Structures are given as C-alpha cells and as structure tokens.
Amino acid sequence: MKHVVLTPFGITNHGDAVKLLIRHGANPHLKAEMNMSPFDYTLIAKNYKLISHMMLFDKKEILQEQTKAIEEQDYKKCGVCRSISSKRCAGCQMEWYCSVDCQKQHWVKH
C-alpha cells in the first residue's frame with residue numbers, strides 16, 4: 001500500500017480535496033514538513049470540521065484491524081502472552097492486554 005502525505009497547503013486551502021484524499025485512503029497522521037502531520041496542522045488551525053473528518057480515518061482503521069483480528073481468531077488477545085483479554089490500550093484502542101504487567105512489558109514495542 002502506498003502512503004500519501006497530505007501537505008499543510010492542502011489543508012489550509014483545499015479542505016474538500018483533503019477530505020476526498022482521506023476517503024480514498026490517505027493517512028492524515030503521516031509526518032511531513034517540520035515533522036508535523038496534516039492532523040497536527042489542522043489542530044493548530046482549529047479547523048474542527050476537518051478534524052472530525054480526519055478522525056473518521058481513525059475509526060475506519062480500527063474497524064479494519066478488528067475485522068482482520070476476528071477473521072484470524074486473534075481478537076481480544078493479549079499483545080504479550082496471547083491470553084483472552086478485556087483491557088485495551090488507551091492510546092490506540094487497537095491492542096489488548098490481560099494485565100497492567102503485560103501492557104508495561106509491551107511498551108518497548110508498542
């Protein structure tokens with residue numbers, strides 16, 4: 001899969017084009033100029049309408065990961081010991097852990 005980097009220019013001047021690119025898989029979190037992502041620039045500009053659209057990308061990514069995990073019978077399994085888990089990573093909501101110890105152990109990789 002190719003990654004498309006959205007530039008700050010595109011965010012400030014062409015919001016509709018950015019929305020279209022995101023709908024077709026462009027990642028608003030890829031870092032570009034000055035090590036900032038389009039999402040970062042949008043937050044600074046307080047363009048809340050575009051921020052909400054970019055967050056739809058995150059929801060779509062999470063749903064795809066969950067579907068893949070369910071298909072592989074790997075859903076809700078600890079990222080470290082692979083046991084059935086009930087706690088999710090608060091940051092990404094995609095990784096599961098059975099305990100605080102396993103989560104801390106996984107910080108190096110995650």
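This structure is a prediction, so every number in the text was calculated from the model and none was measured.
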Using residues 77-92 as the side-chain source, report each donor-acceptor pair under 3.5 Å to any protein atom, sequence neighbours left out, with the distance given to one decimal.
{"from": "K77", "atom 1": "NZ", "to": "Q73", "atom 2": "O", "distance (Å)": "3.2"}
{"from": "R82", "atom 1": "NH1", "to": "C78", "atom 2": "O", "distance (Å)": "2.9"}
{"from": "R82", "atom 1": "NH2", "to": "D74", "atom 2": "OD1", "distance (Å)": "2.3"}
{"from": "R82", "atom 1": "NH2", "to": "D74", "atom 2": "OD2", "distance (Å)": "2.7"}
{"from": "S85", "atom 1": "OG", "to": "C78", "atom 2": "N", "distance (Å)": "2.9"}
{"from": "S85", "atom 1": "OG", "to": "S83", "atom 2": "O", "distance (Å)": "3.0"}
{"from": "S85", "atom 1": "OG", "to": "C98", "atom 2": "N", "distance (Å)": "3.3"}
{"from": "R88", "atom 1": "NH1", "to": "Q93", "atom 2": "O", "distance (Å)": "3.3"}

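Among residue pairs with one or both ends in residues 98-109, none qualify as salt bridge (Lys or Arg N to Asp or Glu O under 4.0 Å); sequence neighbours excluded.
Pairing each heavy atom of Y97 with each of E95, the nearest pair is OH-CG, 3.2 Å.
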